[in-house]
Amino acid sequence: MTPLSTLSPTVTLVGAGPGDPELLTLKAVKAIQQATVLLVDDLVNVAVLEHASPSARIVHVGKRGGCKSTPQAFIEKLMVMAALEGENVVRLKGGDPFIFGRGGEEVESLQAAGIQVKVVNGITAGLAAVTSLNVPLTHRDHAHGVVFVTGHAKPGDDGTDWPALAASAHQAKLTLVIYMGVSGVEQIADGLLAGLPAHTPVAIVQHASLPQQREAFCTLAELARTVREQGMGSPAVMVVGDVTAGVAQLSRHATDTPPAEDRATRFAA
Ligand code: SAH
């Protein structure tokens with residue numbers, strides 16, 4: 001007799017990584033190959049869909065590319081219905097399913113509907129962004145820890161207390177990786193300046209791990225101006241802390257922008 005677990009309706013949340021399709025895990029590839037229905041988020045690089053079966057149903061639920069974002073409740077309903085129909089449902093999410101992107105909410109609502117949930121990790125954008133610069137998120141001399149923090153709170157939520165976070169980061173030597181922050185950069189930078197020195201180095205990385213990746217380096221005092229002047233738009237992460245000091249200094253001395261690989265090599269030297 002088939003074990004009960006294989007008969008249970010299941011949805012797998014799969015982290016598609018930051019963009020570069022080669023950063024998918026083997027587990028993610030396997031899940032994509034076996035899916036009969038794939039619900040694909042905004043920031044997922046469609047190149048990862050080459051692993052999908054030609055007969056799989058692919059539903060894009062993102063708001064980029066001119067389409068309106070599919071409401072979250074509808075996506076959750078769609079997953080429940082497909083799972084109950086016996087489909088092998090994969091929900092492809094950018095980066096890691098459990099770093100922002102509402103993965104936790106999806107697990108709760110699927111479980112409430114009696115659906116079994118599996119989660120496959122992906123490489124989160126903030127990690128890929130700094131790694132592309134050969135910058136570590138932690139370092140025994142510069143950062144004892146790292147905080148992944150959102151710059152965009154849920155409507156009605158006060159959001160992050162930036163001065164308090166900055167004071168803790170300063171005192172405890174923490175690297176701050178700010179997601180969804182470029183559109184509200186003025187307010188974030190002002191708040192952080194209440195607790196961190198104005199000369200704290202910052203790296204801004206847009207489209208991390210993709211061929212169109214761009215970076216900008218500055219101090220916290222220059223952050224808002226740099227984001228606006230360099231036209232750094234979403235998707236981008238801002239990495240605040242001494243771990244980025246090397247790259248920031250190099251960029252100051254550069255006469256023009258060298259390729260990321262060159263800059264990373266010089267930083268490492
Ligand atoms: N779950 C995702 C994050 C989703 S929130 C993860 O783990 O990466 C969406 C935010 O992630 C974007 O606004 C941006 O801040 C960041 N992001 C996603 N992909 C990115 C990329 N390729 N480069 C830089 N930032 C990215």
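What you see is a predicted model, and the numbers here were worked out from it, not measured in a lab. Ligands are counted one by one from 1 in listed order, and the atoms in each one are counted from 1 as well.
Contact atoms of ligand 1 toward Gly94: 1 (N), 2 (C), 6 (C), 7 (O) (distance under 4.0 Å to a heavy atom of the residue). The Thr124 neighbourhood of ligand 1 comprises atoms 6 (C), 7 (O), 8 (O), with distances under 4.0 Å to a heavy atom of that residue. Taking a cut-off of under 4.0 Å to the non-hydrogen atoms of Val205, the atoms of ligand 1 that pass are 24 (C).
Using a 4.5 Å heavy-atom cutoff, the side chains of Leu137 and Val243 are not in contact. Side-chain contact between Ser53 and Gln33 is absent, with no heavy-atom pair separated by less than 4.5 Å. The shortest distance between side-chain heavy atoms of Met238 and Val227 falls below 4.5 Å.
Between Pro18 and ligand 1, at least one pair of N/O atoms sits closer than 3.5 Å. Taking any N or O of Asp96, backbone or side chain, at least one lies under 3.5 Å from an N or O belonging to ligand 1. At a 3.5 angstrom cut-off on N or O pairs, Ala125 counts as close to ligand 1. Inclusion of Ile123 in the set of residues having an N or O under 3.5 Å from an N or O of ligand 1 is not warranted. The shortest N/O to N/O separation between Ile99 and ligand 1 falls below 3.5 Å. Backbone and side-chain nitrogen or oxygen atoms of Gln206 are examined, and none is located within less than 3.5 angstrom of a nitrogen or oxygen of ligand 1.
Between the side chains of Ser8 and Thr10, no donor-acceptor pair is found at a separation under 3.5 Å. Between the side chains of Gln206 and Gln212, no donor-acceptor pair of N or O atoms lies under 3.5 Å.
Side-chain atoms of Thr150 come within 3.5 Å of backbone N or O of His152 as a donor-acceptor pair. Checking side-chain atoms of Ser209 against main-chain N and O of Asp20 turns up a donor-acceptor pair under 3.5 Å. Here the side chain of Thr244 pairs no donor or acceptor atom with the backbone of Val240 at under 3.5 angstrom. Judged by distance alone, with hydrogens and angles left aside, the side-chain atoms of Asn45 form a donor-acceptor pair with the main-chain N or O of Gly19 at under 3.5 Å.
Heavy atoms of Val237 found under 4.0 angstrom from ligand 1 belong to the backbone as well as the side chain. With a heavy-atom cut-off of 4.0 Å, His207 touches ligand 1 through its backbone alone. Of the heavy atoms in Thr150, none comes closer than 4.0 Å to ligand 1. Of the heavy atoms in Ala129, none comes closer than 4.0 Å to ligand 1.
Exactly one of Glu105, Lys77, Glu106 qualifies for a side-chain hydrogen bond (donor to acceptor under 3.5 Å, both in side chains) with Gln72. That residue is Glu106.
For the residues Ala208, Ser209, Gly233, the heavy atom positioned nearest atom 23 (N) of ligand 1 is part of Ala208. Around atom 10 (C) of ligand 1, the closest heavy atom drawn from Met180, Arg102, Met238 belongs to Met180.
For the pair Ala236 and ligand 1, a heavy-atom separation below 4.0 Å is found.
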